[in-house]
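Working notes for the structure below.
Note that this is a predicted model, so its numbers are computed, not measured. A, B, ... follow the sequence lines: proteins, then strands. Residue 1 opens every chain.
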Number of protein chains: 2
Amino acid sequence: MDVGRIVDTALQLIDEVGIQALTLRMLAEALDSGTATLYRHFDGKDELLALVADRVLGEVRVPAEELDGLSWREAVTVSAKAFYGTLCRHPNVLPLLAAQVPVGPNGLRARERLITLFLSHGFPLGLAARAFTAIGHYVIGFSIQQHGPGTPPPEEQSQLRDYYNALDPASYPATTAAAEELTSVPLDEEFRFGLDLLLDGLEKAMLDAA
Amino acid sequence: MDVGRIVDTALQLIDEVGIQALTLRMLAEALDSGTATLYRHFDGKDELLALVADRVLGEVRVPAEELDGLSWREAVTVSAKAFYGTLCRHPNVLPLLAAQVPVGPNGLRARERLITLFLSHGFPLGLAARAFTAIGHYVIGFSIQQHGPGTPPPEEQSQLRDYYNALDPASYPATTAAAEELTSVPLDEEFRFGLDLLLDGLEKAMLDAA
DNA sequence: ACCTGAACACCGTTCAAGT
DNA sequence: ACCTGAACACCGTTCAAGT
């Protein structure tokens with residue numbers, strides 16, 4: 001039994017039941033083993049979870065050919081969407097990615113690629129570094145807010161709308177007026193909206209720097 | 001013993017030891033009580049944590065007078081900085097705020113106020129709603145990334161720089177080149193940078209809509 | 001009627017005993 | 001030398017017994 005299979009199984013279980021509900025006993029049983037055996041392959045639950053987080057980051061696939069010939073703006077959009085898509089496939093893993101700066105091998109590779117992308121399009125080093133950080137924050141922040149109170153996404157959206165609509169309009173005139181807008185916009189579209197805000201800002205920063 | 005005192009004490013303990021390390025026994029002892037007694041005031045640890053999260057949101061104070069006469073851009077900046085400042089005082093609470101859409105009374109009030117701010121400056125309803133979401137995502141996402149691997153902020157920044165610098169420059173040329181930029185920029189400045197990107201984008205969206 | 005000590009089922013982790 | 005059953009300390013939660 002190698003670490004890869006343990007991490008794969010842990011990710012599968014987390015996708016099904018969440019981080020909170022994953023227990024080492026459950027994981028051991030799924031691997032036809034015992035909890036004590038697991039400890040021979042990693043140092044504790046926290047380290048295992050870090051491996052799972054990096055495993056998910058490794059799932060983000062942006063073939064270099066796909067970015068060839070694109071403007072930096074298009075290339076960043078493709079990359080951010082790929083990242084976002086992967087996070088949406090593993091919503092239960094999001095708290096792990098948000099809780100700390102990812103420094104596993106796959107996290108480092110992703111960081112390296114995006115900073116290189118900015119540099120290759122003439123961004124000054126400082127702007128490239130901060131652009132990377134801002135976009136990373138945005139994608140993770142957006143994804144984590146989206147997959148909120150545990151319930152499945154479609155249910156949740158309409159539940160949230162019901163909640164907003166049930167509020168007293170006298171106390172919350174703006175929130176109730178915007179209830180439809182806050183919850184009915186397709187999430188992909190809302191993701192694009194915020195991303196475009198950031199890209200508009202970066203475009204302006206590049207013009208100002210030139 | 002009222003719920004307010006329980007939540008205040010829980011927040012104090014979380015500020016000191018973190019969410020993971022807070023136990024109901026510890027909380028009960030700090031209140032000179034027993035765990036069973038706590039359950040008469042809330043339904044379980046999760047509900048208590050939701051109360052703590054909303055308690056923190058209630059700490060964000062932006063007096064209406066302070067926003068009088070400001071442009072929407074200035075007013076949003078003041079509000080976002082106040083929010084950010086409060087989150088920095090309670091970094092251990094961040095995972096709670098990121099894990100779900102805050103629907104407690106203080107969360108609702110904050111949402112209402114910011115959407116109203118946009119509306120009062122002529123933003124269309126849809127743009128106001130999405131601007132609120134984008135900025136909320138950004139502030140929480142930025143804050144949560146900033147307070148990463150458990151270690152205190154100053155240590156962490158230099159630790160992270162050492163980590164980046166120790167990488168093989170042949171494998172990670174961009175990351176090592178940007179190591180200084182990634183970790184040495186004052187955090188407040190970096191926060192402002194990303195926020196300004198968003199505000200630039202919103203300004204453009206307003207011009208396009210007009 | 002209200003409160004709570006003590007117990008319950010279960011967790012992450014460890015280690016002495018097995019092979 | 002390697003593996004692991006069984007135990008340890010402790011968790012969130014519950015309830016029957018006290019006041």
Open item on the list: Whole angstroms only, please: what is the CG-P distance between Leu38(B) and dG5(C)?
Closed with: 12 Å

TODO: State whether the side chain of Tyr164(B) and the backbone N or O of Ala177(B) hold a donor-acceptor pair below 3.5 Å, judged by distance alone.
DONE: no

- [ ] Take the protein atom CG of Leu48(B) and the nucleotide atom C1' of dC11(D), then report the distance between them rounded to whole Å.
- [x] 15 Å

TODO: May I have the distance from Lys45(B) (atom NZ) to dC10(D) (atom P), rounded to whole angstrom?
DONE: 16 Å

Open item on the list: Whether Thr37(B) contacts dC3(C) is assessed here as follows: a side-chain N or O lying under 4.0 Å from the phosphate OP1 or OP2. Is that the case?
Closed with: no

Open item on the list: What is the distance, to the nearest angstrom, from the OH atom on Tyr39(A) to the C1' atom on dT14(C)?
Closed with: 9 Å

Task: Backbone of Val62(A) reached by a side-chain donor or acceptor of Arg113(A) within 3.5 Å - done: yes

- [ ] Grab the CZ-P distance between Arg25(A) and dT13(C) for me, whole Å please.
- [x] 11 Å

Task: Base paired to dA16(D) (Watson-Crick or G-U; both N/O distances under 3.5 angstrom) - done: dT4(C)

Open item on the list: Please determine whether the number of non-hydrogen atoms from other residues, nucleotides or ligands lying under 6.0 Å from atom CD of Glu47(A) exceeds 12.
Closed with: yes

Task: Between C1' of dG12(C) and CG of Asp43(A), the distance in whole Å - done: 13 Å

- [ ] Report the distance from atom CG of Leu24(B) to atom P of dT4(C), rounded to the nearest whole Å.
- [x] 15 Å

Task: Ring geometry between Trp72(B) and Phe123(B) (parallel below 30°, tilted from 30 to 60°, perpendicular above 60°) - done: perpendicular

Task: Nearest to side-chain heavy atoms of Ala36(B), which nucleotide of dG5(C), dT14(C), dG12(C) - done: dG5(C)

TODO: Would you kindly give the CG-to-C1' distance between Asp46(B) and dT13(D), to the nearest whole Å?
DONE: 12 Å

- [ ] Using both distances under 3.5 Å as the test, list the Watson-Crick or G-U wobble partner of dC11(D), or none.
- [x] none

Task: Of the listed nucleotides dA6(D), dG12(D), dT4(C), the one nearest the side chain of Thr23(B) - done: dG12(D)

- [ ] Name the nucleic acid region contacted by Leu27(A), choosing base, sugar-phosphate or nothing; use a 4.0 angstrom heavy-atom cut-off, strictly under.
- [x] nothing

Open item on the list: To the nearest 0.5 Å, what is the distance between CG on Leu49(B) and CG on Leu97(B)?
Closed with: 11.0 Å

Task: Arg40(B) side chain near dC3(C) phosphate (N/O to OP1/OP2, under 4.0 Å) - done: yes

